[in-house]
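In what follows, a single structure is set out as structure tokens and then discussed.
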Amino acid sequence: MRGLVVGRFQPFHKGHLNVILDISKRVDELIIVVGSAEKSHTLENPFTAGERIEMIYETLKKYDLNYLIIPIKDIEYNSIWVSYLESLLPKFNIIYSGNPLVRVLFRERGYKVEKPIMFNRNEYSGKEIRRRMLNDEDWESLVPGEVVKIIKRVNGVERLKELAKDDY
Ligand code: NAD
């Protein structure tokens with residue numbers, strides 16, 4: 001059985017990692033879709049698809065998992081989003097998502113959708129991590145060590161802070 005997990009992973013954090021490790025026990029293969037692939041360099045979506053793929057790939061290297069990582073652009077057409085994904089991905093049988101829109105869209109197309117167990121959602125959250133980066137608070141403990149290295153290498157915190165400045 002092939003499972004599907006979709007996320008923006010801005011950035012990839014320990015909550016995402018726990019979900020992937022948990023789901024991988026239940027499927028033969030997992031497709032990890034890096035959504036909103038076209039988005040980067042904004043306060044909500046600071047990292048490029050390539051950077052996010054690297055975060056996931058480097059983190060998962062030490063685990064024996066069977067997975068594919070596929071970046072996919074958003075489309076302004078929710079009602080056909082699932083068939084758009086079907087045309088780009090290998091066949092999948094089950095979707096794991098806590099995102100209400102994702103859950104509704106797949107369920108309406110007849111897919112089995114399961115909600116992953118939430119891991120410390122208050123802290124393991126992209127929004128909270130980006131907030132901490134902007135406020136010089138500890139964000140490093142919320143992401144895997146490999147992600148810390150990638151964010152530092154691409155000057156991700158400085159990028160976010162620059163993007164938050166007013167025009168002058
Ligand atoms: P996300 O990175 O916030 O979350 C990814 C997954 O991880 C979700 O299922 C979420 O519930 C889970 N998660 C997050 N923190 C967790 C924690 N602490 N513990 C356990 N699970 C946790 O990404 P998202 O916003 O859900 O990504 C959905 C993607 O699908 C976006 O890129 C969105 O644009 C895309 N999308 C596109 C369209 C379209 O193009 N029309 C429509 C729907 C969705």
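The model shown is predicted, which means the values in this text are computed figures rather than measured ones. Order of listing sets the numbers, starting from 1, for every ligand and every atom in it.
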Could you list, one pair per line, each nitrogen or oxygen of ligand 1 together with any protein nitrogen or oxygen closer than 3.5 Å, giving atom names and the distance rounded to 0.1 Å?
{"residue": "ligand 1", "atom": "2 (O)", "partner": "R8", "partner atom": "N", "Å": "3.1"}
{"residue": "ligand 1", "atom": "2 (O)", "partner": "F9", "partner atom": "N", "Å": "3.1"}
{"residue": "ligand 1", "atom": "2 (O)", "partner": "H16", "partner atom": "NE2", "Å": "3.0"}
{"residue": "ligand 1", "atom": "9 (O)", "partner": "S97", "partner atom": "OG", "Å": "3.4"}
{"residue": "ligand 1", "atom": "9 (O)", "partner": "G98", "partner atom": "N", "Å": "3.0"}
{"residue": "ligand 1", "atom": "11 (O)", "partner": "G98", "partner atom": "N", "Å": "3.2"}
{"residue": "ligand 1", "atom": "15 (N)", "partner": "R121", "partner atom": "NH1", "Å": "3.0"}
{"residue": "ligand 1", "atom": "18 (N)", "partner": "F119", "partner atom": "O", "Å": "2.7"}
{"residue": "ligand 1", "atom": "18 (N)", "partner": "Y124", "partner atom": "O", "Å": "2.9"}
{"residue": "ligand 1", "atom": "19 (N)", "partner": "F119", "partner atom": "N", "Å": "2.8"}
{"residue": "ligand 1", "atom": "23 (O)", "partner": "R8", "partner atom": "N", "Å": "3.0"}
{"residue": "ligand 1", "atom": "25 (O)", "partner": "N99", "partner atom": "ND2", "Å": "3.4"}
{"residue": "ligand 1", "atom": "26 (O)", "partner": "N99", "partner atom": "ND2", "Å": "3.1"}
{"residue": "ligand 1", "atom": "27 (O)", "partner": "R8", "partner atom": "N", "Å": "3.4"}
{"residue": "ligand 1", "atom": "32 (O)", "partner": "S36", "partner atom": "N", "Å": "3.2"}
{"residue": "ligand 1", "atom": "32 (O)", "partner": "S36", "partner atom": "OG", "Å": "2.7"}
{"residue": "ligand 1", "atom": "34 (O)", "partner": "S36", "partner atom": "OG", "Å": "2.9"}
{"residue": "ligand 1", "atom": "34 (O)", "partner": "D74", "partner atom": "OD1", "Å": "2.9"}
{"residue": "ligand 1", "atom": "34 (O)", "partner": "D74", "partner atom": "OD2", "Å": "3.0"}
{"residue": "ligand 1", "atom": "40 (O)", "partner": "I75", "partner atom": "N", "Å": "2.8"}
{"residue": "ligand 1", "atom": "40 (O)", "partner": "I75", "partner atom": "O", "Å": "3.1"}
{"residue": "ligand 1", "atom": "40 (O)", "partner": "W81", "partner atom": "NE1", "Å": "3.4"}
{"residue": "ligand 1", "atom": "41 (N)", "partner": "I75", "partner atom": "O", "Å": "2.8"}
{"residue": "ligand 1", "atom": "41 (N)", "partner": "N78", "partner atom": "OD1", "Å": "2.8"}

Cationic N near anionic O, under 4.0 Å, R109 to E86: yes
Ring geometry between F106 and W81 (parallel below 30°, tilted from 30 to 60°, perpendicular above 60°): perpendicular
Would you find a donor on one side and an acceptor on the other, under 3.5 Å apart, between the side chain of R159 and the backbone of P46? yes
So does G98 get a backbone contact from the side chain of R103, meaning a donor-acceptor N/O pair under 3.5 Å? no
Taking the six-membered ring for Trp, are the ring centroids of F47 and F9 within less than 6.0 Å of each other? no
Can any side-chain N or O of R130 pair as donor or acceptor with the backbone N or O of L43 at less than 3.5 Å? yes
